[in-house]
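Report on the following structure.
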There are 2 protein chains.
Amino acid sequence: MASKKKTTIKDIANVLGITPSAVSKALNNHPRISDKTKAAVLQIAKNLNYQPNHLASALRKGKSNLVGVIIPKANSHFFSSIIEKIEEVLNDKGYNVIIAQSNESYNKECKSIDALLYTQVDGIIASMANETVKLDYYEKIKSKGIPLILFDRGENDLNVDYVGIDDYLSSHVVIDHLVKQGCKRIAHIAGFSHTRIYKNRIRGYRDALEKFSLPIEESLIIESNLGIEDGRKIMTQLLKLKNRPDAIYAAGDYAALGALQVMQEQHIHVPKDIALVGFTNEPFTSLVTPSITSVDQHSTQIGKVAAETLLKRMDSPNEKVTLNKLILPAELIIRSSSKKNQL
Amino acid sequence: MASKKKTTIKDIANVLGITPSAVSKALNNHPRISDKTKAAVLQIAKNLNYQPNHLASALRKGKSNLVGVIIPKANSHFFSSIIEKIEEVLNDKGYNVIIAQSNESYNKECKSIDALLYTQVDGIIASMANETVKLDYYEKIKSKGIPLILFDRGENDLNVDYVGIDDYLSSHVVIDHLVKQGCKRIAHIAGFSHTRIYKNRIRGYRDALEKFSLPIEESLIIESNLGIEDGRKIMTQLLKLKNRPDAIYAAGDYAALGALQVMQEQHIHVPKDIALVGFTNEPFTSLVTPSITSVDQHSTQIGKVAAETLLKRMDSPNEKVTLNKLILPAELIIRSSSKKNQL
DNA sequence: TATTTTTGTTCAAACGTTGAAACAAATATA
DNA sequence: TATATTTGTTTCAACGTTTGAACAAAAATA
């Protein structure tokens, strides 16, 4: 109950009759400290239940061993598994991870960045909020010389390392698959084209259609925030067209789910009447009936590469290593919602 | 490009020809510093782009202004919205939040606790992993005198503040509702009874049945991890009974979803043949067809109370305030999956 | 044996901030 | 006018650790 003072390096030194400095060196396994002393120090440290004061050493060394991760929202499998992997890699190297959610809001994102800078993180890994168009706060990170890695939602203009998948190519793979299933009027529930990844998916969609000499109809390309509600709204809208699409390619799984619900409510058979493909391979896609075909982004791979790249940057901050744009391949997971051929 | 030295309080002092101490006091709005000096300091601080060194002040003040939050898994709406609220409340008071995921693993939980202690957090808010039965690491937190608040998954034995809902009562509300719908054989897909909250839900379920003089059949109470897979497995098992239940009360929404899938695959009508109620009111419950009746735990309320209680504890660490067991009321959200009467 | 090298430790300053105590100047009170 | 009080600032030590330089003792080399 009595609030005991914390044991410090000094206490250990007193017990052994040596200087705090020697203790510090012993704990850090300094080569010039004798094995005997090291053993003794370790023993006493254990006895006194010594916990190093991270704040003090961080101050002295000018390094906090903290890394910040900014994500739009943790409640998706994609982001939460990336975080899991980032933590795993970084913890291994003695770093701790601070997670901040922007909730897709630019303001919250700025606040989070300030908070991380204030906490003196040694590096930041971030995926930008949907809303974000101004890059001033990210510039702030750069100007402070803190290593920054972007993933998924990135920005070319920032000129920093980036890890993500090939969105343009992914759209091609999706369209290839749908065309192979016999679809000819493929609609695209798109993300906002001011975000690079969604822009690329749209571009890929257009180019792929062109590749197959399919007409591109602007009324079949609708931008949205890709939430369930938007998926529902847009699907309803699409079904009102005199000339309905025979396939839906949604740039997000939640939008795909919304679309699926509307179709089921209107007794449209998926995939027979309209095929459906989503994006990000959220776990629920395999659990819904019919299961939804989706593009897997290899989230743990992204997390791993992002963390490892950051480690490299933090180890050699001044090194003018060439910029890394790491584009990992995505994978189409084909499920019931798009298998027309097998019906 | 040239890595500039960071501006410190000393630099400001030099510019103005005063002492660092005066600058510090000015920045902290000390009453004895003249308004003129304060204004000047603020001006120069802005000019030099001064950012306070959090590490130094934390060391000096023995307070990091960091709070750790441990959750089993961020990818549920329940936890991610609690975190959102906790962040909101604590950021307001100048605290930053470090989130750690245990991934439902005892080992990872211990590691997270060590990491938080190492980072010198001023307080911890936690919800325990399913796996956790040994409380040694939580005792460690307590023994260091760091305020600890538990929520949702708590433990009475620990003797710390707790925020959660009334699980026992919630079960009563669920059973009341189902009985009112005419159900007589209600099965319970339960959580593991070694976790307090699930034990209470089971107890509530039993007592409520008894209240209505309904027989309690042990074969209708099955413990599980409440994942989708478990929900499927158990539902399949329940459907094999010669005497099928006419209602399912699952202690988690994912398990309820699994059960729903199995029923739909076997062309059992929900709720006509079998009614279904879940727990935690995940967003998907309202989006699935039929929508699933579920118990809402008022997550933002829980987050708010947890954060506020922690603030109180951190403000007066030695105060022998009586222990708070805050039990918030839960709310049954009635949806299609249990509305037999209206068919 | 004298000299150099190696080994193990101590010394002292530093990291940037804070806060109690000391102090001088200005203002209020008697 | 003398004394007490208030105001605004400085002084100085401290928070716990790290690190380069200094040093003495031991070991290796000449």
Side-chain angles (χ1 to χ4, degrees), chain A residues 3-42 44-45 48-66 94 117-122 144-145, chain B residues 3-42 44-45 48-66 94 117-122 144-145:
Chain A
S3 71
K4 321 157 185 182
K5 274 267 152 286
K6 289 208 191 111
T7 6
T8 73
I9 231 174
K10 223 172 168 176
D11 300 322
I12 302 179
N14 285 339
V15 172
L16 292 171
I18 57 178
T19 48
S21 163
V23 174
S24 167
K25 291 190 167 93
L27 290 171
N28 290 299
N29 205 23
H30 187 107
R32 294 278 274 276
I33 296 290
S34 71
D35 291 348
K36 203 181 54 181
T37 310
K38 282 178 185 169
V41 166
L42 249 41
I44 303 297
L48 299 184
N49 188 29
Y50 167 73
Q51 299 287 136
N53 185 324
H54 158 251
L55 259 21
S57 94
L59 172 61
R60 177 60 230 249
K61 299 205 282 198
K63 193 161 185 301
S64 70
N65 276 316
L66 250 35
L117 292 178
Y118 174 74
T119 317
Q120 236 113 336
V121 293
D122 293 333
K144 289 207 183 300
Chain B
S3 71
K4 323 159 185 179
K5 274 267 150 288
K6 290 209 190 113
T7 1
T8 74
I9 230 173
K10 223 171 166 176
D11 300 321
I12 302 178
N14 285 338
V15 172
L16 292 171
I18 57 178
T19 47
S21 166
V23 174
S24 167
K25 292 191 170 77
L27 290 171
N28 290 300
N29 205 25
H30 188 107
R32 293 277 275 275
I33 296 292
S34 71
D35 291 348
K36 202 180 53 179
T37 310
K38 281 179 187 169
V41 166
L42 248 40
I44 304 295
L48 299 184
N49 188 28
Y50 168 73
Q51 299 288 137
N53 185 323
H54 159 252
L55 260 21
S57 97
L59 172 61
R60 175 61 231 249
K61 299 204 282 198
K63 193 159 184 302
S64 70
N65 275 316
L66 251 33
L117 293 178
Y118 174 74
T119 316
Q120 236 112 336
V121 294
D122 292 334
K144 290 207 183 300

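Proteins come first, then strands; the chains are lettered A, B, ... in the order of their sequence lines, and each starts at number 1.
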Examine distances only and state if a side-chain atom of A/Lys38 and a backbone atom of A/His30 form a donor-acceptor pair shorter than 3.5 Å. yes
Rounded to the nearest 0.5 Å, the CG atom of A/Asn29 sits from the CG atom of A/Asp35 at a distance of 8.5 Å
Could you walk me through whether B/Ile18 and B/Val41 satisfy the side-chain contact (heavy atoms from CB on, under 4.5 Å) test, starting with their C-alpha distance in whole Å, then the side-chain angles of each, then the deciding distance to 0.1 Å, before giving a yes or no? CA-CA 10 Å; B/Ile18 57 178; B/Val41 166; 4.2 Å; yes
Here the gap from A/Thr19 atom OG1 to A/Asn14 atom CG, rounded to the nearest 0.5 Å, amounts to 10.5 Å
Crowding at NZ, A/Lys63 (>12 non-hydrogen neighbours, <6.0 Å): yes
To the nearest Å, give me how far apart NE2 (B/His30) and C1' (C/dA21) are. 12 Å
CZ of A/Arg32 versus P of C/dT5: gap in Å, rounded? 14 Å
With rounding to the nearest 0.5 angstrom, report the OG1 to CG distance, B/Thr7 to B/Asn53. 11.0 Å
Quick test: give all pairs of protein nitrogen or oxygen and nucleotides 11-19 of chain D nitrogen or oxygen below 3.5 Å, distance rounded to 0.1 Å.
{"residue": "D/dT11", "atom": "O4", "partner": "B/Ser21", "partner atom": "OG", "Å": "3.0"}
{"residue": "D/dA14", "atom": "N3", "partner": "B/Arg60", "partner atom": "NH1", "Å": "3.3"}
{"residue": "D/dC15", "atom": "O2", "partner": "B/Arg60", "partner atom": "N", "Å": "3.4"}
{"residue": "D/dG16", "atom": "N2", "partner": "A/Ala56", "partner atom": "O", "Å": "3.3"}
{"residue": "D/dT17", "atom": "OP1", "partner": "A/Tyr50", "partner atom": "OH", "Å": "2.4"}
{"residue": "D/dT17", "atom": "OP1", "partner": "A/Asn53", "partner atom": "N", "Å": "3.2"}
{"residue": "D/dT17", "atom": "OP2", "partner": "A/Ile9", "partner atom": "N", "Å": "2.7"}
{"residue": "D/dT18", "atom": "OP2", "partner": "A/Ser24", "partner atom": "OG", "Å": "2.8"}
{"residue": "D/dT18", "atom": "OP2", "partner": "A/Asn28", "partner atom": "ND2", "Å": "3.3"}
{"residue": "D/dT18", "atom": "O2", "partner": "A/Arg60", "partner atom": "NH1", "Å": "2.0"}
{"residue": "D/dT19", "atom": "O4", "partner": "A/Ser21", "partner atom": "OG", "Å": "3.0"}

If we only count heavy atoms from C-beta on, is the A/Tyr50 to A/Ile9 side-chain gap below 4.5 Å? yes
What is the distance, to the nearest angstrom, from the CD1 atom on B/Ile33 to the C1' atom on D/dT10? 10 Å
Using atom names, set out every protein N or O paired with an N or O of nucleotides 24-29 of chain D below 3.5 Å, distance rounded to 0.1 Å.
none

Nucleotide C/dT9, atom C1' - distance to NZ of A/Lys36 in whole Å: 12 Å
Rounded to whole Å, the CG-C1' distance (B/Leu16 to D/dT9) equals 13 Å
Exam field: side chain A/Thr119 to backbone A/Val121, donor-acceptor pair closer than 3.5 Å: no
State whether B/Ser34 places a side-chain N or O below 4.0 Å from either non-bridging phosphate oxygen (OP1 or OP2) of D/dT9. yes
